[in-house]
Amino acid sequence: MPTIRQRIETIYDEVVSRNPGEVEFHQAVKEVIESLEPVVRKYPHYAEQKIIERICEPERQIIFRVPWHDDKGEVRINRGFRVGFNSALGPYKGGLRFHPSVLLGTIKFLAFEQTFKNALTGLPIGSGKGGSDFDPKGRSDAEMMRFCQSFMTELYRHIGEMTDVPAGDIGVGAREIGYLFGQYKRITNRYESGVLTGKSPSWGGALVRKESTGYGTVFFTEAMLKAKKMDLQGQTCVVSGSGNVAIYAIQQLQALGAKVVACSDSSGVIYHKSGIHLETVQRLKEVERKRIKEYASEHKDAEYLEGGNIWTIPCEVALPCATQNELNGDSARTLVANGCIAVAEGANMPTTPEGVQVFQKAGIAFGPGKAANAGGVATSALEMQQNASRDAWSFEHTEARLREIMGNIHTDCYRTAEEFGAPGNYVHGANIVSFRRVAEAMLAFGLI
Ligand code: NDP
């Protein structure tokens with residue numbers, strides 16, 4: 001009779017052999033199922049019903065061709081993806097990523113993570129993710145529109161407010177959601193607001209959605225520090241990226257009295273010791289769509305480090321908000337040596353497994369993405385609530401709901417980690433709470 005640990009190792013080996021080459025998906029699965037040994041020991045029926053094996057297999061995966069014309073009239077072809085991972089708790093829910101690095105394995109890893117993140121919110125949403133290997137960089141508005149229309153011309157038949165509700169992610173913001181929704185509306189002859197989230201507030205979007213992931217990550221960080229009887233006031237912070245998540249994380253950190261000294265993009269790092277000037281970052285990135293390098297030409301006391309490693313900059317709080325595997329073991333050791341006390345993942349899986357181990361060994365408060373960045377999808381679910389009731393909430397009301405949800409996620413993770421013998425380990429806490437929520441629903445539905 002194999003031990004529980006051996007059974008979990010066998011499940012992992014099968015995931016690797018059934019999904020060859022999808023290393024990020026393997027990494028995400030490993031990180032979750034490593035937390036589950038004490039759960040299966042306490043609830044053996046999860047193993048008997050093969051819940052872990054079922055949770056690791058997506059319910060459906062769609063791959064499609066996306067042909068479009070560029071501005072020169074040349075035909076271009078990209079690949080579109082949509083993975084519906086788990087619908088035990090609600091319709092598939094998760095963003096669309098447009099980035100040249102996107103492969104099926106990328107989307108599967110993100111959709112798998114989304115299963116646990118969405119369950120953590122306590123709201124009725126299942127998990128999915130999608131996207132394309134299309135590169136939005138340097139594309140005109142008209143090209144973006146033609147691409148989005150072609151993408152939706154296939155995607156529309158697989159989605160719906162009760163089936164699958166996509167949103168934005170890297171490379172997909174309010175502009176792209178607008179083009180996608182417009183095409184969906186034309187094809188289906190339905191004004192189905194709840195089919196996409198991340199819409200503009202002027203036509204059915206939630207206020208705070210744009211800010212929600214960054215704000216939520218900071219609320220989670222605040223809760224982790226509070227558990228250590230500390231707060232954000234006066235803390236020096238480093239935030240990687242300068243996209244949607246990073247910008248609003250910086251805004252909320254500053255609102256809570258922290259000092260943010262660095263941010264970045266994929267070309268380099270800005271180090272501004274006297275404090276990042278957020279209005280400049282917002283204008284450069286949200287309006288002018290320029291590189292972060294330009295910041296240094298406007299602020300003479302700021303340094304630009306081409307290709308630099310942002311994690312070498314000393315700080316007390318580090319928020320990786322750019323992309324997966326951007327913070328490795330060496331960077332984690334540097335952060336610890338420089339006196340870092342808290343790390344919360346605004347991005348999805350930005351810390352490598354070795355990096356996570358370094359933080360946990362050092363006793364640093366470490367908030368994994370599925371908990372720390374769940375504010376985005378939670379606010380998407382609030383957007384769905386408003387659409388379903390044809391209502392529109394105020395900024396203050398929505399922000400208060402977000403803060404409450406992030407506080408609840410923190411409490412659930414913290415208490416569960418303690419209950420299962422790993423106090424302070426938010427990774428185990430988050431994995432166990434969310435796994436149990438999905439598992440219980442799956443069991444209730446019979447063999448699905
Ligand atoms: P954006 O596209 O708005 O911004 C991404 C930022 O990260 C950009 O500044 C980008 O720079 C930078 N970046 C990308 N790749 C690298 C790299 N290899 N090294 C350094 N910087 C890099 O995306 P979001 O802010 O929306 O998303 C960021 C992360 O947060 C992703 O992991 C996403 O999945 C996750 N997330 C996002 C949510 C949301 O609501 N937006 C919700 C939950 C998670 P450049 O412009 O040069 O590419």
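One-based numbering, in listed order, for ligands and for the atoms of each.
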Centroid-centroid distance, F220 to Y426, less than 6.0 Å: yes
Between F366 and F359, ring centroids under 6.0 Å: yes
Has ligand 1 got any nitrogen or oxygen that is less than 3.5 angstrom from a nitrogen or oxygen of [X]?
X	result
Q324	no
G376	no
H99	no
K129	no
R291	yes
T323	no
R209	yes

What protein heavy atom is closest to [atom], reported as residue, atom name and distance in Å?
atom	result
atom 39 (C) of ligand 1	T213 OG1, 3.3 Å
atom 25 (O) of ligand 1	V245 N, 2.9 Å
atom 6 (C) of ligand 1	G243 N, 3.9 Å
atom 23 (O) of ligand 1	I170 CG1, 3.4 Å

Per atom 33 (C) of ligand 1, closest listed option by heavy atom (V281, N309, D169): D169
From the candidates S266, G216, S101, the one that places a heavy atom nearest atom 10 (C) of ligand 1: S266
Side chain, backbone, both or neither: the part of N244 lying under 4.0 Å from ligand 1 by heavy atom: both
Ligand 1 contact on S212 by region, counting heavy-atom pairs under 4.0 Å: neither
Out of all atoms in ligand 1, which are within 4.0 Å of some heavy atom of [X]? Include the element for each.
X	value
A322	7 (O), 12 (C), 13 (N), 21 (N), 22 (C), 28 (C), 29 (C), 31 (C), 32 (O)
N348	32 (O), 33 (C), 34 (O), 35 (C), 36 (N), 44 (C)
S242	9 (O)
G171	2 (O)
A347	29 (C), 30 (O), 32 (O), 35 (C)

Charged N-O contact under 4.0 Å between D265 and K293: no
E298 bridged to R283 by N-O distance under 4.0 Å: yes
Can you confirm whether the side chains of [X] and [Y] place a donor and an acceptor under 3.5 Å from each other?
X	Y	result
Q251	Y215	yes
H272	D301	yes
Y304	E306	yes
N348	K370	no

D164 and K93: CA distance, side-chain angles, deciding distance, salt bridge (Lys or Arg N to Asp or Glu O under 4.0 Å) verdict: CA-CA 6 Å; D164 184 353; K93 181 86 201 84; over 6 Å; no
Close side-chain approach of Q385 to D391, heavy-atom, < 4.5 Å: no
Heavy atoms from other residues, nucleotides or ligands near CZ of R415 exceed 12 (cutoff 6.0 Å): no
Heavy atoms from other residues, nucleotides or ligands near CZ of R79 exceed 12 (cutoff 6.0 Å): no
